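Following: one structure in structure tokens, then a few remarks.
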Amino acid sequence: HQMEQAELYFPLHAFVCEKCLLVQLPEFQSPEQIFGHYAYFSSYSDSWLAHAQRFAEAMIDRFGYDEKSSVIEIASNDGYLLQFFKARGVPVLGIEPARNVAAVAQAAGIETLVRFLGEKSAREIRMGNRGADLLVGNNVLAHVPDINDFVAGLKVLLNRDGVLSVEFQHVMLLMARNQFDTIYHEHFSYLSLLATQKIFAAHGLEIFDVEEISTHGGSLRVFARHETENAEISPRVLAVREAELQAGLDKVETYAAFDAQVRETKLALLEFLIAARRNGKTVAGYGAPAKGNTLLNYCGVRPDLLPFTVDRSPHKQGRFLPGTRLPIFHPDKISAVRPDYLLILAWNLRDEIMGQMAHIRDWGGKFVVPIPELEILE
């Protein structure tokens with residue numbers, strides 16, 4: 001019945017702070033509305049699970065965690081990451097605000113507290129003698145409306161010699177690779193190393209290492225600890241800072257110039273879809289990620305230009321994309337319809353998807369990727 005109701009639309013407007021260079025969206029919706037019940041389960045992506053396993057193994061190898069250690073993950077989702085520490089005998093605790101998602105982790109035997117992290121909830125958790133030798137926050141720093149309260153909570157949970165590891169999409173690459181479709185209401189902040197160092201320093205945390213990783217179109221994984229004197233800082237921290245300065249991330253004008261680039265992408269996608277329609281070609285979508293909604297709504301695409309999309313997650317099948325009202329089907333629908341083009345909306349998983357859907361080539365089908373620029377792949 002939701003199909004008969006009006007929908008919320010959010011303006012696509014990001015703001016940059018001239019002092020700390022943090023890029024943020026206004027808070028259109030409260031975190032409770034967004035994350036209290038959540039439709040994203042990390043375990044539905046094979047490449048994401050592999051990423052999580054590699055991370056767990058790397059942390060155990062580098063820092064030597066064992067049965068006497070404590071690993072706490074914020075926004076632990078369905079336990080997709082913590083299971084790999086648990087399998088190696090390391091005690092784990094998840095903190096996850098979405099009750100429906102936390103229930104899946106709990107059923108799998110991964111202790112999970114249902115709550116939002118802030119300074120107050122961190123103190124309550126700490127009272128129960130739970131501190132972290134490794135505190136993990138992957139793809140959560142960007143999702144919190146009050147980033148200072150959140151980082152204050154991280155500070156409270158981190159044991160004295162503990163390591164904080166945080167991954168977030170790198171705004172430098174978001175702009176360089178034109179990933180504007182990842183700007184949506186769930187992501188309150190768009191982070192650079194420059195901005196993250198400022199926020200962490202304000203809470204007595206220092207970044208001592210950083211890795212550039214490929215997830216979400218290009219992310220940073222930063223390692224931080226409580227500030228100490230004469231601490232060793234990896235040369236990689238300086239290298240990433242230097243790259244950001246070269247890219248002009250310390251200047252407000254750089255962020256403003258991104259606007260024209262985004263308009264160009266919209267025109268290219270519409271030109272492709274309209275030409276396909278005029279030439280009697282059929283196009284279907286693959287994936288129903290939030291970024292697909294940003295892209296299609298911003299470009300004004302409706303079912304007359306893109307009749308449907310498909311997704312592997314049973315939680316999304318049989319539903320419709322918000323705004324555009326595109327129906328979401330099981331991936332089997334592609335073989336039944338045999339479209340000329342498959343538009344990959346979950347472009348961060350493009351290799352995984354092209355592998356799974358290679359059979360579209362049997363009928364001469366081609367893949368189309370809209371970002372960073374529209375490409376048709378034979």
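The model shown is predicted, which means the values in this text are computed figures rather than measured ones.
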### Query
With a 4.5 Å limit on heavy-atom distance, are the side chains of Leu158 and Val163 in contact?
no

### Query
Does the Asp311 side chain pair with the main chain of Ser313, one donor and one acceptor, at a distance under 3.5 Å?
yes

### Query
Is there a side-chain contact between Leu191 and Ile199, using heavy atoms and a 4.5 Å cut-off?
yes

### Message
Is the shortest side-chain heavy-atom distance between Lys68 and Asp133 below 4.5 Å?
### Response
no

### Query
With a 4.5 Å heavy-atom cut-off, do Arg225 and Asp161 have their side chains touching?
no

### Query
How far apart are the closest heavy atoms of Leu343 and Pro370, and which atoms are they?
CD1-CD, 3.9 Å

### Point-to-point distance, once rounded to the nearest 0.5 Å, from CD1 of Ile95 to CD1 of Ile125
3.5 Å

### Step-by-step side-chain contact (heavy atoms from CB on, under 4.5 Å) determination, Phe55 to Leu81
CA-CA 8 Å; Phe55 172 77; Leu81 173 74; 3.6 Å; yes

### Message
Between Lys155 (side chain only) and Gly204 (backbone N and O only), is there a donor and an acceptor less than 3.5 Å apart?
### Response
yes

#### Entry: Polar side-chain atom of Tyr255 near backbone of Leu249 as donor-acceptor pair, under 3.5 Å
yes

### Summary
Heavy-atom nearest pair, Val310 first then Pro331, reads CB-CA, 3.8 Å

### Message
Does either side chain, that of Arg241 or that of Gln197, offer a donor lying less than 3.5 Å from an acceptor on the other one?
### Response
yes

### Message
Could you check whether any side-chain heavy atom of Ile183 comes within less than 4.5 Å of a side-chain heavy atom of Thr294, counting everything from C-beta outward?
### Response
no

### Query
Glu244 and His170: side-chain donor and acceptor closer than 3.5 Å?
yes

### Query
Should Val301 and Val369 be counted in the same cluster of Ile, Leu, Val, Met, Phe, Trp and Tyr side chains packed under 4.5 Å apart?
yes

### Message
Just by distance, no angles: are the side chains of Thr112 and Glu96 close enough, under 3.5 Å, to form a donor-acceptor pair?
### Response
no

### Message
Restricting to non-hydrogen atoms, name the atom on Ser76 and the atom on Leu82 that form the minimum distance, rounded to 0.1 Å.
### Response
CB-CD1, 4.1 Å

### Task
Before giving the answer on salt bridge (charged side-chain N to carboxylate O under 4.0 Å, His left out), spell out for Glu111 and Arg130 the whole-Å C-alpha distance, their side-chain angles and the decisive distance to 0.1 Å.
CA-CA 12 Å; Glu111 189 188 352; Arg130 307 301 289 265; 3.2 Å; yes

### Message
According to ring-ring contact (aromatic ring centres under 6.0 Å, His included), does anything in residues 327-357 pair up with another residue at least two apart or in another chain? List the pairs.
### Response
Phe272-Tyr341, Phe308-Phe329

### Query
Closest approach of Thr254 and Gly248, non-hydrogen atoms and distance?
OG1-O, 2.6 Å

### Under 3.5 Å donor-acceptor, Asp146 side chain and Asp149 backbone
yes

### Query
If two hydrophobic side chains count as joined below 4.5 Å and joins carry through other members, does Leu49 share a cluster with Val90?
yes

### Task
Measure the spacing between CD of Gln246 and CG of Asp250 and express it to the nearest 0.5 Å.
10.0 Å

### Task
Quick one: list whatever passes ring-ring contact (aromatic ring centres under 6.0 Å, His included) with His203, sequence neighbours left out.
none

### Query
What about Val104 and Val114, same hydrophobic cluster or not, with Ile/Leu/Val/Met/Phe/Trp/Tyr joined at side-chain heavy-atom distances under 4.5 Å?
no

### Message
Go through it in stages, so that I can follow the logic: the residues are Glu352 and Arg312, the test is salt bridge (charged side-chain N to carboxylate O under 4.0 Å, His left out), and I'd like the CA-CA distance, side-chain angles, deciding distance and then a yes or no.
### Response
CA-CA 12 Å; Glu352 185 178 324; Arg312 274 177 78 188; 3.6 Å; yes

### Message
Within the 3.5 Å criterion, strictly below it, is a donor on Thr265 or Asn178 matched to an acceptor on the partner's side chain?
### Response
yes

### Query
Between atom CG of Leu22 and atom OG of Ser192, what is the distance when rounded to the nearest 0.5 Å?
7.5 Å

### Query
Do Ile353 and Ile376 belong together in a cluster built from hydrophobic side chains that touch within less than 4.5 Å?
yes

### Task
Kindly indicate whether the side chain of Leu25, heavy atoms from C-beta on, has any atom under 4.5 Å from the side chain of His187.
no

### Message
Checking the side chain of Asn138 only, and the main-chain atoms of Ala75 only, is there a donor and an acceptor separated by less than 3.5 Å?
### Response
no

### Query
Is it true that the NZ or CZ of Arg221 lies under 6.0 Å from the centre of Phe168's six-membered ring and within 45 degrees of the ring axis?
no

### Task
Step by step, work out the side-chain contact (heavy atoms from CB on, under 4.5 Å) result for Ser47 and Leu349.
CA-CA 8 Å; Ser47 54; Leu349 304 175; 3.4 Å; yes

### Query
Just how far is it from atom OG1 of Thr196 to atom CG of Leu220, taken to the nearest 0.5 Å?
7.5 Å

### Message
Using 0.5 Å steps for rounding, measure from the NZ atom of Lys266 to the CG atom of Leu296.
### Response
12.0 Å

### Message
Looking at Asp181 and Gly292, would you say the former's side chain and the latter's main chain have a donor-acceptor pair under 3.5 Å?
### Response
no

### Query
Going hydrophobic residue to hydrophobic residue with side-chain gaps under 4.5 angstrom, can you get from Val222 over to Leu238?
no

### Query
Counting only N and O atoms by type, is there a donor-acceptor contact under 3.5 Å from the side chain of Thr282 to the main-chain atoms of Asp340?
yes

### Query
Going through the distances and angles, do Val140 and Phe150 end up as a side-chain contact (heavy atoms from CB on, under 4.5 Å)?
CA-CA 10 Å; Val140 60; Phe150 181 81; 3.9 Å; yes

### Exam field: side chain Arg126 to backbone Leu157, donor-acceptor pair closer than 3.5 Å
yes

### Query
Taking the inter-plane angle between the rings of Phe63 and Tyr65 on a 0 to 90° scale, is it parallel (under 30°), tilted (30 to 60°) or perpendicular (over 60°)?
tilted

#### Entry: Any donor-acceptor N/O pair, Thr309 side chain to Gly287 backbone, under 3.5 Å
yes

### Least distance between heavy atoms, Ser121 atom then Arg115 atom
CB-CD, 4.1 Å

### Task
Answer yes or no: is there a side-chain heavy-atom contact under 4.5 Å between Val283 and Val368?
no

### Query
More than 12 foreign heavy atoms under 6.0 Å from CD of Glu124: is that the case here?
yes

#### Entry: Check: Tyr298 and Arg263 side chains under 4.5 Å, non-hydrogen atoms
yes

### Task
Determine the minimum heavy-atom distance between Arg62 and Phe223, stating which atoms define it.
NH1-CE1, 3.8 Å

### Query
Who are the side chain to side chain donor-acceptor pair (under 3.5 Å) partners of Arg236, not counting sequence neighbours?
Asp209

### Task
Run the numbers on His51 and Arg54 for side-chain contact (heavy atoms from CB on, under 4.5 Å), then give the verdict.
CA-CA 5 Å; His51 171 71; Arg54 283 194 301 273; 4.0 Å; yes

### Message
I'd like to know if the side chain of Thr228 pairs up with that of Glu206 as donor and acceptor (distance under 3.5 Å, no hydrogens or angles considered).
### Response
yes

### Message
Determine whether Tyr286 and Phe367 satisfy the following criterion, ring-ring contact (aromatic ring centres under 6.0 Å, His included), listing intermediate values before the conclusion.
### Response
CA-CA 10 Å; Tyr286 192 104; Phe367 294 101; 8.7 Å; no

### Task
Classify the side-chain pair Gln53/Gln83 by whether it contains a donor and acceptor separated by less than 3.5 Å.
no

### Query
Is there a donor-acceptor contact under 3.5 Å from the side chain of Arg88 to the main chain of Phe84?
no

